[in-house]
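Each chain gets a letter, A, B and so on, in the order the sequences are listed, and its residues count up from 1. This is a predicted model, so every value here is computed, not measured.
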Amino acid sequence: MTCRDTENLLELERKGEIPPGEQQALTRHLAACRRCGETAKVARLSSVLLGTLRQEIVPGPSFYARLRERLAAAGSAQPDSTLLHAWGFARRLIPAVALGVLVLAGVTISLEGPSMPRQVQGAHSREIYAFSLEEVNLTGSVERPNQDQMLAFVLMQGQARGAGSGE
Amino acid sequence: MNDNDKEKGLEPAREQRDEAAQEEARLIRQAQDGNQRAFEALVRLHERLVFGIIGSFLRRRQDVEDLAQEVFLKAYLAIGRFRSGAPFAPWLHRIAVNTCYDHLRGIRRRPEIGIADLAESEADFLDRYVKKGYLSGGGEADDRLAARDLAERILATLPPKDRLAITLREVNGFEIAQIAGSLGCSRAAAKVRLFRARRAMQAALRRLIRQDEHDE
Ligand SMILES: [Zn+2]
């Protein structure tokens, strides 16, 4: 065995996964090689020290009573819970409302018909629907998005807004 | 055992896991609607790991409980923003780790330590370790205390996030992805912090061991 094997074997030893034959070879090498001997001493002491930080503490008898009091105090300091619920409900409605607006916009465009000749067609028109709602309203010159495209748009907006929340 | 039998053997465990996940999701929804009992049930499900994380930075039971109260209170106030369907444990761990981070940031970082900075019990422990190796087994409570003092003294020289990385890995058994999630950094950044912390700890120990041997 060589000095280069030492670190790997010490790591296996730390995890308790070192094969017995290798353990003997490691012990022989550490006794003969001063540098690896020191490396082993440091690595083993490091695990011993870190091991002492592990402690099993369970909540004491008054922990939950105290927590309940604090939660109750925090709850009453928060905005009115009915208002919070109303806001939570309203938030869930936002995507549906947005979809409704899009559908209305689409219907309006299709009823009025395109005011200018179609300049953007095919795959490009889909990209415009996918990325910019304004394009639809401003030019009125592109194909009306189908329901799936509108849904995809709403979902994308939702994802963009939702990214980062929920941690 | 053939694959079919194995599959059957796994069924009950999977069902139990699914049931537990459904129960947790139900508690989260109720807690989001302001139900404190449901929130307390969630706390009880996760208290062990939260106490374990905090206990690796603080020693006294009262201090651990105080910080745990902070963690659960923050979680309670933030649960309305928790995205339903997301895993709850990592979210709670992140709050716990952030709270520990705030605590560690409040402690002045110590400079590099030498053997002259050690308490007598720590120096004794180190000397015995260097000469004979650490004797684990019964009747070593004093050694354990001295070792913990020494561990904390060395870790107090690290930047707080590096200290969090090595403690979460070596004491709490977190994987790199979990450390990254808890610290809010990339996996690569978590690896760098862990590497740096291990290297700093080993450098400090190497220095102390050499000083101890030199003083003979
Ligand atoms: Zn060697």
Which atoms of [X] come close to chain A, meaning under 4.5 Å heavy atom to heavy atom: side chain ones, backbone ones, both, or neither?
X         : result
Arg37(B)  : neither
Val171(B) : both
Phe39(B)  : side chain
Leu208(B) : neither
Leu58(B)  : backbone
Arg48(B)  : side chain

### Message
A cation-pi test, strictly: NZ or CZ of Arg44(B) under 6.0 Å from the centre of the six-membered ring of Tyr64(A) and no more than 45 degrees from its axis. Yes or no?
### Response
yes
### Qualifying residue, where the test is side-chain hydrogen bond (donor to acceptor under 3.5 Å, both in side chains) with Asp162(B) and the options are Arg199(B), Arg198(B), Arg193(B)
Arg193(B)
Shorter than 4.5 Å, heavy atoms on both sides: which option in [options] has the most such pairs with chain A?
options                                    : value
Val130(B), Leu145(B), Ile154(B), Thr167(B) : Val130(B)
Glu170(B), Arg148(B), Gln69(B), Gln202(B)  : Gln69(B)
Asn172(B), Leu73(B), Leu150(B)             : Leu73(B)

### Query
Is chain B contacted by the side chain of Arg14(A), its backbone, both, or neither, given a heavy-atom distance below 4.5 Å?
side chain
### Query
Measuring heavy-atom distances to chain B, does Thr39(A) have an atom under 4.5 Å in its side chain, in its backbone, in both, or in neither?
both
### Task
Specify the closest pair of heavy atoms between Arg144(B) and Gly51(A), including all atoms of both residues, with the distance to one decimal.
NH2-O, 3.7 Å
## Note on the structure
Closest non-hydrogen contact found for Ala156(B) with Arg163(B) is CA-NH1, 3.8 Å
### Query
Around Lys74(B), counting heavy atoms of other residues, nucleotides and ligands shown, do more than 12 lie under 6.0 Å from its NZ?
yes
#### Entry: From Arg94(B) atom CZ to Asn98(B) atom CG, the distance as rounded to the nearest 0.5 Å
6.5 Å
#### Entry: No-hydrogen, no-angle side-chain donor-acceptor test under 3.5 Å, Gln22(B) and Asp18(B)
no
### Message
Checking side-chain polar atoms at under 3.5 Å, does Ser121(B) have a donor or acceptor matched by the opposite partner on Asp124(B)?
### Response
no
